[in-house]
Amino acid sequence: MTPEKDESSPKILAWLGALRGASALCAFVFTGLLIGSGIGLAMAYVPSQAEAFASVLYLRQQGGIGALLRAMHYHLASGVVVATFLMVIAGLVTEEHRERRWEFRLGVVSLLLMIAFCFTGYVLPMDQPAYWGTSVRLGIVETVPLVGGLQADMLRGGSSFGAATLPRFYALHVAALPLVLVILILLGFRQALERASLTGGRRLIVACGLIAIAAWVVAANFPAPLEPRAASADTDYVPRPEWYFLWLFQFGKYVHGFQWVESALLPVLGVGTLMILPELRTTWKLRAALVTALFGFMFGLGALALYEDRDLPRKPQYEEGLVLKAARDYQVECASCHGLTGKADGPDIGKLESKPKDLTTERFWDEDTMRNMIEVITKGEAPDMPAFGGRLSDEEILAIASHIEANFRPRAALTVDRIHQGTTSRNLK
Amino acid sequence: MLIDRRTLLKSWQAVATAVAALSAIPAGLFFALGARPKGRGPGAPDEWIDLGLAAEVTDGPWKARRFRREIADRWKKTVVDESVYLRRRGDSVEAVSAICTHTGCLVQRGSSGFACPCHKSDFDEDGKPTTGPAPRPLDRLETRIEGDRLKLRFVKFRPGLTTAEPLAS
(Lines give C-alpha, C1' and ligand atoms only; values in the text may rest on other atoms or scores of the structure.)
Protein backbone atom coordinates (compact mmCIF):
# COMPACT_ATOMS: atom_id res chain seq x y z
CA MET A 1 0.00 0.00 0.00
CA THR A 2 1.40 3.34 -0.90
CA PRO A 3 0.73 6.03 1.64
CA GLU A 4 -0.08 8.56 -1.11
CA LYS A 5 -3.27 6.64 -1.87
CA ASP A 6 -4.39 6.58 1.73
CA GLU A 7 -8.10 7.40 1.49
CA SER A 8 -8.66 8.19 5.14
CA SER A 9 -6.24 11.08 5.26
CA PRO A 10 -8.36 14.06 4.46
CA LYS A 11 -8.82 17.10 6.59
CA ILE A 12 -6.03 16.94 9.11
CA LEU A 13 -3.46 16.54 6.33
CA ALA A 14 -4.82 19.50 4.40
CA TRP A 15 -4.69 21.46 7.61
CA LEU A 16 -1.09 20.36 8.27
CA GLY A 17 -0.15 21.29 4.70
CA ALA A 18 -1.48 24.79 5.35
CA LEU A 19 0.38 24.91 8.68
CA ARG A 20 3.55 23.93 6.89
CA GLY A 21 3.14 26.70 4.35
CA ALA A 22 2.32 29.26 7.02
CA SER A 23 5.23 28.33 9.27
CA ALA A 24 7.63 28.30 6.31
CA LEU A 25 6.42 31.79 5.41
CA CYS A 26 6.84 32.95 9.01
CA ALA A 27 10.34 31.46 9.16
CA PHE A 28 11.18 33.29 5.94
CA VAL A 29 9.91 36.68 7.16
CA PHE A 30 11.42 36.20 10.62
CA THR A 31 14.79 35.38 9.06
CA GLY A 32 14.69 38.59 7.04
CA LEU A 33 13.83 40.66 10.11
CA LEU A 34 16.46 38.84 12.18
CA ILE A 35 19.12 39.66 9.61
CA GLY A 36 18.00 43.27 9.53
CA SER A 37 17.77 43.74 13.28
CA GLY A 38 20.99 41.77 13.68
CA ILE A 39 22.86 44.15 11.38
CA GLY A 40 21.54 47.04 13.45
CA LEU A 41 22.62 45.39 16.70
CA ALA A 42 26.04 44.55 15.28
CA MET A 43 26.59 48.28 14.81
CA ALA A 44 26.12 48.82 18.54
CA TYR A 45 27.52 45.66 20.08
CA VAL A 46 31.13 45.15 21.18
CA PRO A 47 32.16 41.47 21.39
CA SER A 48 34.58 41.81 24.29
CA GLN A 49 34.27 40.48 27.80
CA ALA A 50 34.87 43.93 29.22
CA GLU A 51 32.48 45.81 26.95
CA ALA A 52 29.76 43.41 25.81
CA PHE A 53 27.36 43.85 28.71
CA ALA A 54 27.90 47.59 28.87
CA SER A 55 27.14 47.98 25.17
CA VAL A 56 23.91 46.00 25.47
CA LEU A 57 22.92 47.87 28.62
CA TYR A 58 23.53 51.12 26.78
CA LEU A 59 21.07 50.05 24.09
CA ARG A 60 18.54 49.15 26.76
CA GLN A 61 18.90 52.41 28.61
CA GLN A 62 18.90 54.57 25.51
CA GLY A 63 15.59 53.05 24.45
CA GLY A 64 14.35 54.03 21.00
CA ILE A 65 15.29 52.10 17.90
CA GLY A 66 18.19 50.21 19.52
CA ALA A 67 16.00 48.74 22.24
CA LEU A 68 13.30 48.05 19.64
CA LEU A 69 15.72 46.11 17.43
CA ARG A 70 16.96 44.15 20.42
CA ALA A 71 13.41 43.24 21.39
CA MET A 72 12.69 42.20 17.81
CA HIS A 73 15.84 40.09 17.61
CA TYR A 74 15.09 38.51 20.97
CA HIS A 75 11.48 37.51 20.24
CA LEU A 76 12.01 36.49 16.62
CA ALA A 77 14.86 34.21 17.69
CA SER A 78 12.32 32.07 19.54
CA GLY A 79 9.83 32.63 16.75
CA VAL A 80 12.08 31.33 14.02
CA VAL A 81 12.99 28.19 15.98
CA VAL A 82 9.32 27.42 16.58
CA ALA A 83 8.34 28.20 12.97
CA THR A 84 11.12 26.05 11.52
CA PHE A 85 10.28 23.23 13.90
CA LEU A 86 6.59 23.33 12.94
CA MET A 87 7.54 23.45 9.27
CA VAL A 88 9.60 20.28 9.63
CA ILE A 89 6.99 18.50 11.74
CA ALA A 90 4.14 19.34 9.37
CA GLY A 91 6.22 18.26 6.38
CA LEU A 92 6.91 15.03 8.19
CA VAL A 93 3.31 14.08 8.85
CA THR A 94 2.10 15.05 5.37
CA GLU A 95 3.54 13.49 2.23
CA GLU A 96 5.72 16.54 1.67
CA HIS A 97 8.80 14.81 3.04
CA ARG A 98 8.58 12.11 0.37
CA GLU A 99 7.55 14.30 -2.50
CA ARG A 100 10.33 16.81 -2.03
CA ARG A 101 12.93 14.85 -0.12
CA TRP A 102 15.82 17.24 -0.39
CA GLU A 103 13.75 20.24 0.48
CA PHE A 104 12.54 18.43 3.59
CA ARG A 105 16.11 17.53 4.53
CA LEU A 106 17.26 21.09 4.03
CA GLY A 107 14.41 22.07 6.34
CA VAL A 108 15.89 19.78 9.01
CA VAL A 109 19.31 21.36 8.41
CA SER A 110 17.74 24.82 8.75
CA LEU A 111 16.28 23.80 12.09
CA LEU A 112 19.76 22.76 13.27
CA LEU A 113 21.10 26.02 11.89
CA MET A 114 18.52 28.05 13.82
CA ILE A 115 19.45 26.20 17.01
CA ALA A 116 23.11 26.99 16.29
CA PHE A 117 22.15 30.66 15.90
CA CYS A 118 20.44 30.53 19.30
CA PHE A 119 23.39 28.78 20.91
CA THR A 120 25.89 31.35 19.64
CA GLY A 121 23.65 34.37 20.13
CA TYR A 122 22.60 33.50 23.66
CA VAL A 123 25.98 34.35 25.19
CA LEU A 124 26.43 37.72 23.51
CA PRO A 125 24.68 40.04 26.02
CA MET A 126 26.93 38.63 28.79
CA ASP A 127 24.30 38.94 31.46
CA GLN A 128 23.80 36.18 34.03
CA PRO A 129 21.73 33.76 31.89
CA ALA A 130 24.06 34.37 28.92
CA TYR A 131 27.15 33.36 30.85
CA TRP A 132 25.69 30.52 32.88
CA GLY A 133 23.48 29.10 30.14
CA THR A 134 26.45 28.95 27.80
CA SER A 135 28.71 27.46 30.46
CA VAL A 136 26.19 24.67 30.98
CA ARG A 137 25.83 24.06 27.24
CA LEU A 138 29.58 23.95 26.79
CA GLY A 139 29.65 21.52 29.71
CA ILE A 140 27.21 19.34 27.76
CA VAL A 141 29.31 19.65 24.60
CA GLU A 142 32.29 18.39 26.64
CA THR A 143 30.54 15.06 27.07
CA VAL A 144 30.28 14.23 23.36
CA PRO A 145 32.44 11.10 23.01
CA LEU A 146 35.96 11.54 21.57
CA VAL A 147 35.59 15.04 20.13
CA GLY A 148 33.60 16.80 22.88
CA GLY A 149 36.50 18.37 24.75
CA LEU A 150 38.13 19.58 21.56
CA GLN A 151 34.83 20.93 20.27
CA ALA A 152 34.19 22.86 23.47
CA ASP A 153 37.74 24.26 23.37
CA MET A 154 37.24 25.40 19.79
CA LEU A 155 34.02 27.19 20.66
CA ARG A 156 35.61 28.83 23.70
CA GLY A 157 38.96 29.46 22.09
CA GLY A 158 40.70 27.73 24.99
CA SER A 159 39.93 25.51 27.90
CA SER A 160 38.06 28.13 29.86
CA PHE A 161 35.74 31.00 29.16
CA GLY A 162 38.03 33.92 28.43
CA ALA A 163 39.05 36.78 26.19
CA ALA A 164 38.91 34.62 23.06
CA THR A 165 35.41 33.31 23.70
CA LEU A 166 33.08 36.15 22.74
CA PRO A 167 34.85 36.99 19.46
CA ARG A 168 34.44 33.35 18.44
CA PHE A 169 30.77 33.16 19.26
CA TYR A 170 30.26 36.52 17.61
CA ALA A 171 32.05 35.49 14.42
CA LEU A 172 29.99 32.31 14.24
CA HIS A 173 26.76 34.17 14.92
CA VAL A 174 27.17 37.06 12.51
CA ALA A 175 29.42 35.64 9.79
CA ALA A 176 29.78 31.86 9.63
CA LEU A 177 26.18 30.82 10.28
CA PRO A 178 24.65 33.51 8.04
CA LEU A 179 26.92 32.27 5.24
CA VAL A 180 25.63 28.75 5.78
CA LEU A 181 22.11 30.17 5.68
CA VAL A 182 22.74 31.91 2.36
CA ILE A 183 24.19 28.74 0.89
CA LEU A 184 21.16 26.79 2.09
CA ILE A 185 18.85 29.25 0.39
CA LEU A 186 20.87 29.10 -2.83
CA LEU A 187 20.90 25.31 -2.74
CA GLY A 188 17.38 24.46 -1.89
CA PHE A 189 14.89 27.08 -1.01
CA ARG A 190 15.17 29.06 -4.21
CA GLN A 191 12.82 26.59 -5.84
CA ALA A 192 10.49 26.64 -2.88
CA LEU A 193 10.37 30.43 -3.02
CA GLU A 194 9.61 30.38 -6.73
CA ARG A 195 6.87 27.82 -6.20
CA ALA A 196 5.38 29.84 -3.40
CA SER A 197 5.36 33.04 -5.43
CA LEU A 198 3.74 31.25 -8.37
CA THR A 199 0.91 29.78 -6.31
CA GLY A 200 0.56 32.51 -3.70
CA GLY A 201 0.97 35.57 -5.86
CA ARG A 202 -0.14 38.82 -4.33
CA ARG A 203 -1.68 37.20 -1.26
CA LEU A 204 1.82 36.05 -0.32
CA ILE A 205 3.15 39.59 -0.25
CA VAL A 206 0.22 40.69 1.89
CA ALA A 207 0.82 37.78 4.27
CA CYS A 208 4.53 38.62 4.54
CA GLY A 209 3.64 42.23 5.28
CA LEU A 210 1.17 41.23 7.98
CA ILE A 211 3.68 38.90 9.65
CA ALA A 212 6.30 41.67 9.59
CA ILE A 213 3.88 44.18 11.09
CA ALA A 214 3.00 41.70 13.83
CA ALA A 215 6.72 41.28 14.59
CA TRP A 216 7.16 45.06 14.92
CA VAL A 217 4.12 45.29 17.18
CA VAL A 218 5.41 42.52 19.44
CA ALA A 219 8.87 44.12 19.57
CA ALA A 220 7.42 47.52 20.43
CA ASN A 221 5.32 46.15 23.27
CA PHE A 222 7.58 43.54 24.85
CA PRO A 223 11.12 44.73 25.56
CA ALA A 224 13.97 42.24 25.58
CA PRO A 225 15.03 41.17 29.07
CA LEU A 226 18.44 41.88 30.51
CA GLU A 227 19.52 40.38 33.80
CA PRO A 228 22.47 41.58 35.90
CA ARG A 229 25.99 41.42 34.51
CA ALA A 230 27.53 37.92 34.40
CA ALA A 231 29.11 37.02 37.73
CA SER A 232 31.36 33.98 37.46
CA ALA A 233 31.52 33.38 41.22
CA ASP A 234 27.83 33.82 42.04
CA THR A 235 26.78 30.62 43.80
CA ASP A 236 23.23 31.94 44.19
CA TYR A 237 22.36 32.17 40.52
CA VAL A 238 20.09 29.44 39.17
CA PRO A 239 20.50 29.12 35.39
CA ARG A 240 17.58 27.99 33.23
CA PRO A 241 17.40 27.57 29.43
CA GLU A 242 14.96 29.22 27.03
CA TRP A 243 11.43 27.91 27.39
CA TYR A 244 11.61 25.74 24.27
CA PHE A 245 14.65 23.88 25.60
CA LEU A 246 13.15 23.19 29.03
CA TRP A 247 12.23 19.63 28.03
CA LEU A 248 15.84 18.86 27.10
CA PHE A 249 17.01 20.47 30.33
CA GLN A 250 14.61 18.28 32.31
CA PHE A 251 15.77 15.23 30.37
CA GLY A 252 19.33 16.04 31.44
CA LYS A 253 18.33 15.57 35.08
CA TYR A 254 17.56 11.91 34.44
CA VAL A 255 20.64 10.95 32.45
CA HIS A 256 22.88 9.53 35.14
CA GLY A 257 26.40 8.69 34.12
CA PHE A 258 25.75 8.43 30.39
CA GLN A 259 25.78 12.03 29.43
CA TRP A 260 26.57 11.20 25.82
CA VAL A 261 22.96 9.98 25.60
CA GLU A 262 21.88 13.60 25.82
CA SER A 263 24.80 15.27 24.07
CA ALA A 264 25.34 12.87 21.18
CA LEU A 265 22.93 9.94 20.92
CA LEU A 266 19.68 11.91 21.16
CA PRO A 267 20.60 14.54 18.53
CA VAL A 268 22.10 11.93 16.17
CA LEU A 269 19.06 9.67 16.53
CA GLY A 270 16.64 12.54 16.06
CA VAL A 271 18.30 14.05 13.03
CA GLY A 272 19.09 10.63 11.59
CA THR A 273 15.46 9.55 11.81
CA LEU A 274 14.31 12.71 10.08
CA MET A 275 16.86 12.27 7.31
CA ILE A 276 16.00 8.61 6.69
CA LEU A 277 12.21 8.87 6.93
CA PRO A 278 11.72 10.09 3.35
CA GLU A 279 13.18 6.78 2.16
CA LEU A 280 10.86 4.67 4.27
CA ARG A 281 7.32 3.74 3.46
CA THR A 282 5.28 4.81 6.42
CA THR A 283 1.63 5.62 6.83
CA TRP A 284 0.67 9.10 7.86
CA LYS A 285 -1.10 7.65 10.87
CA LEU A 286 2.14 6.11 12.11
CA ARG A 287 3.98 9.36 11.58
CA ALA A 288 1.20 11.31 13.28
CA ALA A 289 1.41 8.91 16.22
CA LEU A 290 5.20 9.41 16.40
CA VAL A 291 4.85 13.18 16.31
CA THR A 292 2.13 13.08 18.96
CA ALA A 293 4.42 10.99 21.16
CA LEU A 294 7.24 13.47 20.55
CA PHE A 295 5.04 16.41 21.53
CA GLY A 296 3.85 14.50 24.58
CA PHE A 297 7.46 13.85 25.56
CA MET A 298 8.47 17.48 25.08
CA PHE A 299 5.47 19.09 26.72
CA GLY A 300 5.45 16.53 29.53
CA LEU A 301 9.10 17.11 30.40
CA GLY A 302 8.74 20.87 29.92
CA ALA A 303 5.76 20.96 32.26
CA LEU A 304 7.64 18.87 34.79
CA ALA A 305 10.59 21.29 34.64
CA LEU A 306 8.24 24.20 35.30
CA TYR A 307 6.56 22.28 38.10
CA GLU A 308 9.88 21.52 39.80
CA ASP A 309 10.80 25.20 39.54
CA ARG A 310 7.50 26.43 40.97
CA ASP A 311 9.24 27.81 44.08
CA LEU A 312 12.06 29.40 42.14
CA PRO A 313 11.95 33.16 42.67
CA ARG A 314 11.50 35.30 39.56
CA LYS A 315 14.85 36.45 38.19
CA PRO A 316 15.46 40.15 38.74
CA GLN A 317 16.11 42.32 35.71
CA TYR A 318 19.24 44.48 35.67
CA GLU A 319 17.64 47.48 37.37
CA GLU A 320 15.97 45.41 40.12
CA GLY A 321 19.20 43.47 40.53
CA LEU A 322 21.05 46.73 41.11
CA VAL A 323 18.74 47.60 44.00
CA LEU A 324 19.05 44.12 45.52
CA LYS A 325 22.81 44.13 45.06
CA ALA A 326 23.10 47.54 46.72
CA ALA A 327 21.32 46.21 49.79
CA ARG A 328 23.61 43.17 49.82
CA ASP A 329 26.74 45.27 49.20
CA TYR A 330 25.76 47.48 52.13
CA GLN A 331 25.41 44.45 54.39
CA VAL A 332 28.66 42.85 53.26
CA GLU A 333 30.91 45.86 52.75
CA CYS A 334 29.54 48.69 54.86
CA ALA A 335 27.59 47.30 57.80
CA SER A 336 30.64 46.03 59.71
CA CYS A 337 31.47 49.65 60.56
CA HIS A 338 28.49 51.80 59.57
CA GLY A 339 26.10 49.34 61.20
CA LEU A 340 23.04 47.58 59.79
CA THR A 341 20.86 50.52 60.78
CA GLY A 342 23.35 53.19 59.66
CA LYS A 343 24.05 54.37 63.20
CA ALA A 344 27.81 53.74 62.98
CA ASP A 345 27.53 50.87 65.44
CA GLY A 346 28.94 47.93 63.43
CA PRO A 347 31.00 45.20 65.16
CA ASP A 348 34.34 46.45 63.74
CA ILE A 349 33.86 50.00 64.97
CA GLY A 350 36.46 49.51 67.71
CA LYS A 351 39.23 48.84 65.18
CA LEU A 352 38.84 52.22 63.47
CA GLU A 353 40.98 55.26 63.98
CA SER A 354 38.08 57.61 63.46
CA LYS A 355 34.43 56.86 64.01
CA PRO A 356 32.22 57.19 60.91
CA LYS A 357 29.31 59.61 60.92
CA ASP A 358 25.85 58.50 61.94
CA LEU A 359 23.91 58.26 58.66
CA THR A 360 20.55 58.62 60.35
CA THR A 361 20.91 62.13 61.78
CA GLU A 362 19.33 65.12 60.13
CA ARG A 363 22.66 66.92 60.33
CA PHE A 364 24.30 64.39 58.02
CA TRP A 365 21.96 65.17 55.17
CA ASP A 366 22.01 68.27 53.05
CA GLU A 367 21.90 68.94 49.35
CA ASP A 368 25.54 67.92 48.81
CA THR A 369 25.41 64.69 50.80
CA MET A 370 24.61 62.36 47.90
CA ARG A 371 27.39 63.79 45.75
CA ASN A 372 29.90 63.61 48.61
CA MET A 373 28.86 60.10 49.54
CA ILE A 374 29.36 58.86 45.97
CA GLU A 375 32.80 60.44 45.92
CA VAL A 376 33.81 58.94 49.27
CA ILE A 377 32.54 55.46 48.35
CA THR A 378 34.40 55.65 45.05
CA LYS A 379 37.70 57.09 46.23
CA GLY A 380 37.72 56.18 49.90
CA GLU A 381 38.62 58.54 52.73
CA ALA A 382 41.54 58.50 55.13
CA PRO A 383 42.06 56.93 57.54
CA ASP A 384 39.58 54.05 57.44
CA MET A 385 37.10 54.27 54.56
CA PRO A 386 38.23 51.96 51.71
CA ALA A 387 37.78 52.92 48.04
CA PHE A 388 35.29 50.86 46.04
CA GLY A 389 35.88 52.58 42.71
CA GLY A 390 37.83 49.71 41.17
CA ARG A 391 35.57 46.95 42.44
CA LEU A 392 32.13 48.39 41.84
CA SER A 393 30.83 50.23 38.81
CA ASP A 394 29.67 53.84 39.03
CA GLU A 395 26.12 52.65 38.72
CA GLU A 396 26.54 50.16 41.59
CA ILE A 397 28.00 52.90 43.79
CA LEU A 398 25.12 55.22 42.97
CA ALA A 399 22.76 52.38 43.89
CA ILE A 400 24.47 51.99 47.29
CA ALA A 401 24.22 55.73 47.95
CA SER A 402 20.54 55.59 46.99
CA HIS A 403 20.06 52.59 49.27
CA ILE A 404 21.59 54.55 52.15
CA GLU A 405 19.40 57.56 51.42
CA ALA A 406 16.22 55.50 51.11
CA ASN A 407 16.82 53.58 54.31
CA PHE A 408 18.64 55.92 56.70
CA ARG A 409 17.76 59.45 55.76
CA PRO A 410 15.31 60.82 58.32
CA ARG A 411 12.08 62.05 56.78
CA ALA A 412 12.45 65.49 58.38
CA ALA A 413 15.82 66.03 56.74
CA LEU A 414 14.38 64.86 53.46
CA THR A 415 11.58 67.38 53.73
CA VAL A 416 13.83 70.27 54.61
CA ASP A 417 16.25 69.50 51.81
CA ARG A 418 13.59 68.98 49.17
CA ILE A 419 11.87 72.21 50.10
CA HIS A 420 15.25 73.82 49.97
CA GLN A 421 15.65 72.53 46.44
CA GLY A 422 12.28 73.93 45.53
CA THR A 423 10.26 70.73 45.31
CA THR A 424 6.81 70.81 46.74
CA SER A 425 6.12 68.88 49.93
CA ARG A 426 3.19 67.28 48.11
CA ASN A 427 5.61 64.78 46.47
CA LEU A 428 7.16 63.60 49.67
CA LYS A 429 4.68 60.96 50.78
CA MET B 1 17.53 31.91 -24.45
CA LEU B 2 21.22 31.17 -24.26
CA ILE B 3 21.14 29.11 -21.10
CA ASP B 4 18.24 26.86 -20.28
CA ARG B 5 16.71 26.70 -16.86
CA ARG B 6 18.19 23.41 -15.79
CA THR B 7 21.74 24.50 -16.62
CA LEU B 8 21.20 27.75 -14.78
CA LEU B 9 20.04 25.88 -11.71
CA LYS B 10 23.01 23.54 -11.89
CA SER B 11 25.50 26.39 -12.18
CA TRP B 12 23.71 28.17 -9.34
CA GLN B 13 24.25 25.17 -7.12
CA ALA B 14 27.85 24.86 -8.26
CA VAL B 15 28.45 28.47 -7.20
CA ALA B 16 26.89 27.80 -3.81
CA THR B 17 29.02 24.71 -3.30
CA ALA B 18 32.17 26.56 -4.37
CA VAL B 19 31.46 29.42 -1.95
CA ALA B 20 30.91 26.89 0.82
CA ALA B 21 34.15 25.04 0.09
CA LEU B 22 36.28 28.16 -0.34
CA SER B 23 35.09 29.76 2.87
CA ALA B 24 34.97 26.64 5.01
CA ILE B 25 38.67 25.85 4.70
CA PRO B 26 40.35 29.02 6.06
CA ALA B 27 37.59 29.64 8.61
CA GLY B 28 37.63 26.03 9.78
CA LEU B 29 41.42 26.04 10.04
CA PHE B 30 41.46 29.01 12.36
CA PHE B 31 38.48 27.73 14.32
CA ALA B 32 40.32 24.46 14.98
CA LEU B 33 43.96 25.49 15.20
CA GLY B 34 43.51 28.84 16.93
CA ALA B 35 41.58 27.26 19.77
CA ARG B 36 44.53 26.48 21.98
CA PRO B 37 46.85 29.38 22.59
CA LYS B 38 50.57 28.88 22.68
CA GLY B 39 52.11 29.35 26.09
CA ARG B 40 49.98 29.76 29.15
CA GLY B 41 46.34 30.50 28.64
CA PRO B 42 43.83 31.49 31.27
CA GLY B 43 44.62 30.18 34.70
CA ALA B 44 48.13 29.11 35.58
CA PRO B 45 47.79 25.83 37.50
CA ASP B 46 51.00 26.08 39.52
CA GLU B 47 50.03 29.27 41.15
CA TRP B 48 49.13 29.40 44.82
CA ILE B 49 46.43 31.95 45.51
CA ASP B 50 46.34 33.80 48.81
CA LEU B 51 42.94 33.49 50.50
CA GLY B 52 43.71 35.65 53.50
CA LEU B 53 44.20 34.69 57.13
CA ALA B 54 43.90 30.97 57.75
CA ALA B 55 42.32 31.72 61.13
CA GLU B 56 39.29 33.19 59.33
CA VAL B 57 38.19 29.68 58.42
CA THR B 58 36.60 28.56 61.64
CA ASP B 59 35.21 25.20 62.75
CA GLY B 60 31.83 24.16 61.41
CA PRO B 61 30.33 23.24 58.07
CA TRP B 62 31.62 24.24 54.62
CA LYS B 63 31.45 27.92 53.86
CA ALA B 64 31.56 29.54 50.45
CA ARG B 65 34.54 31.79 49.84
CA ARG B 66 34.84 34.17 46.92
CA PHE B 67 38.21 35.26 45.75
CA ARG B 68 39.81 36.99 42.82
CA ARG B 69 42.68 35.78 40.77
CA GLU B 70 44.63 37.45 38.06
CA ILE B 71 45.04 35.44 34.91
CA ALA B 72 47.04 35.98 31.77
CA ASP B 73 44.40 35.68 29.10
CA ARG B 74 45.72 35.97 25.55
CA TRP B 75 46.65 39.61 25.03
CA LYS B 76 45.72 40.88 28.47
CA LYS B 77 45.69 40.25 32.16
CA THR B 78 42.26 40.01 33.69
CA VAL B 79 40.89 39.56 37.15
CA VAL B 80 38.24 36.87 37.52
CA ASP B 81 36.03 36.01 40.45
CA GLU B 82 35.88 32.41 41.64
CA SER B 83 34.15 30.56 44.45
CA VAL B 84 35.31 27.62 46.57
CA TYR B 85 33.98 25.98 49.69
CA LEU B 86 36.28 25.81 52.71
CA ARG B 87 36.13 24.03 56.05
CA ARG B 88 38.56 23.62 58.89
CA ARG B 89 39.92 20.23 59.81
CA GLY B 90 42.10 20.63 62.89
CA ASP B 91 45.20 22.51 61.82
CA SER B 92 44.51 22.33 58.13
CA VAL B 93 41.83 23.74 55.87
CA GLU B 94 40.04 21.65 53.27
CA ALA B 95 38.87 23.11 49.97
CA VAL B 96 36.37 21.76 47.49
CA SER B 97 35.60 23.27 44.10
CA ALA B 98 32.15 24.88 43.82
CA ILE B 99 31.92 23.85 40.17
CA CYS B 100 29.41 21.03 39.68
CA THR B 101 31.00 18.03 38.00
CA HIS B 102 27.93 17.58 35.78
CA THR B 103 27.75 20.64 33.53
CA GLY B 104 29.67 23.27 35.44
CA CYS B 105 27.07 25.26 37.41
CA LEU B 106 28.08 26.42 40.89
CA VAL B 107 26.75 24.22 43.68
CA GLN B 108 24.98 25.67 46.71
CA ARG B 109 24.94 24.52 50.31
CA GLY B 110 22.09 22.09 50.90
CA SER B 111 20.59 21.12 54.24
CA SER B 112 23.54 18.78 54.50
CA GLY B 113 26.17 18.67 51.81
CA PHE B 114 25.84 20.43 48.49
CA ALA B 115 23.09 20.81 45.92
CA CYS B 116 23.41 21.87 42.31
CA PRO B 117 20.53 24.15 41.29
CA CYS B 118 20.79 23.20 37.62
CA HIS B 119 20.06 19.50 37.12
CA LYS B 120 19.42 18.68 40.77
CA SER B 121 22.59 16.77 41.60
CA ASP B 122 23.08 16.37 45.33
CA PHE B 123 26.38 15.77 47.09
CA ASP B 124 27.01 14.72 50.66
CA GLU B 125 29.15 16.56 53.19
CA ASP B 126 32.30 15.00 51.67
CA GLY B 127 31.32 16.02 48.16
CA LYS B 128 30.28 12.55 46.98
CA PRO B 129 27.27 12.48 44.68
CA THR B 130 24.15 11.06 46.31
CA THR B 131 21.35 11.71 43.83
CA GLY B 132 21.14 13.27 40.39
CA PRO B 133 23.26 13.09 37.26
CA ALA B 134 26.67 14.23 38.57
CA PRO B 135 29.30 11.74 37.31
CA ARG B 136 31.94 12.21 40.03
CA PRO B 137 32.48 13.80 43.45
CA LEU B 138 33.09 17.52 43.72
CA ASP B 139 36.74 18.19 42.96
CA ARG B 140 39.07 18.59 45.92
CA LEU B 141 41.57 21.43 45.75
CA GLU B 142 44.96 21.61 47.40
CA THR B 143 45.49 24.04 50.24
CA ARG B 144 48.40 24.83 52.49
CA ILE B 145 49.05 27.22 55.30
CA GLU B 146 52.09 29.47 55.06
CA GLY B 147 52.65 31.25 58.33
CA ASP B 148 49.20 32.57 59.11
CA ARG B 149 48.07 32.80 55.46
CA LEU B 150 45.86 30.31 53.69
CA LYS B 151 46.96 29.39 50.16
CA LEU B 152 44.90 27.61 47.53
CA ARG B 153 45.95 25.94 44.31
CA PHE B 154 42.98 26.65 42.13
CA VAL B 155 42.44 24.25 39.24
CA LYS B 156 39.39 23.72 37.06
CA PHE B 157 38.45 20.30 35.80
CA ARG B 158 36.46 19.23 32.78
CA PRO B 159 32.81 18.74 33.64
CA GLY B 160 30.83 15.67 32.65
CA LEU B 161 33.59 13.09 33.02
CA THR B 162 33.85 10.33 35.60
CA THR B 163 37.50 11.18 36.20
CA ALA B 164 38.82 14.58 37.21
CA GLU B 165 40.76 15.81 34.19
CA PRO B 166 42.43 19.17 34.87
CA LEU B 167 41.93 21.77 32.18
CA ALA B 168 45.10 22.30 30.20
CA SER B 169 46.87 25.62 30.69
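Convention: sequence-line order gives letters A, B, ...; per-chain numbering from 1. Both backbone and side-chain heavy atoms feed into the values below; hydrogens, waters and symmetry mates do not.
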Using modelled atom types and a 3.5 Å cut-off, is there a donor and acceptor pairing between side-chain atoms of S23(B) and backbone atoms of A20(B)?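 Side chain of S23(B) to backbone of A20(B): a pair is present.
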Spell out, as yes or no, whether a donor-acceptor pair under 3.5 Å connects the side chain of K156(B) to the backbone of I99(B). no
Among side-chain atoms of D236(A) and Q108(B), is any donor-acceptor pair under 3.5 angstrom?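 Side chains of D236(A) and Q108(B): no pair found under 3.5 Å.
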With only heavy atoms counted, which part of [X] is less than 4.5 Å from chain B, the side chain, the backbone, both or neither?
X       : answer
V136(A) : both
D309(A) : side chain
Q49(A)  : side chain
Y237(A) : backbone
L150(A) : both
R156(A) : side chain
L184(A) : neither

Using a strict cut-off of less than 4.0 Å between a Lys/Arg side-chain nitrogen and an Asp/Glu carboxylate oxygen, indicate whether [X] and [Y] qualify as a salt bridge.
X       : Y       : answer
R144(B) : E146(B) : yes
R87(B)  : E94(B)  : yes
K63(B)  : E56(B)  : no

is_close_aromatic(F154(B), F67(B)), centroid dist under 6.0 Å: yes
Would a line drawn from the ring center of H173(A) to the ring center of F119(A) be shorter than 6.0 Å?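 No.
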Using a 4.5 angstrom heavy-atom cutoff, name the option from R109(B), E82(B), K76(B) with the most pairs to chain A. E82(B)
Can you tell which of G104(B), C118(B), G160(B) has the highest number of heavy-atom pairs within less than 4.5 Å of chain A?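 When all of G104(B), C118(B), G160(B) are compared, C118(B) has the most.
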With a 4.5 angstrom heavy-atom cut-off, which part of [X] approaches chain A: side chain, backbone, both or neither?
X      : answer
Y85(B) : side chain
A32(B) : both
V84(B) : neither

Partner residues of F157(B) under the ring-ring contact (aromatic ring centres under 6.0 Å, His included) criterion, sequence neighbours left out: none
Under a 4.5 Å heavy-atom cutoff, which of [options] has the most pairs with chain B?
options                            : result
D153(A), L155(A), I183(A), T143(A) : D153(A)
S135(A), A50(A), A152(A), G149(A)  : G149(A)
V180(A), V255(A), D234(A)          : D234(A)

Of all pairs that satisfy side-chain hydrogen bond (donor to acceptor under 3.5 Å, both in side chains), the ones with a partner from residues 128-138 of chain B, not counting sequence neighbours: D122(B)-T131(B), R136(B)-D139(B)
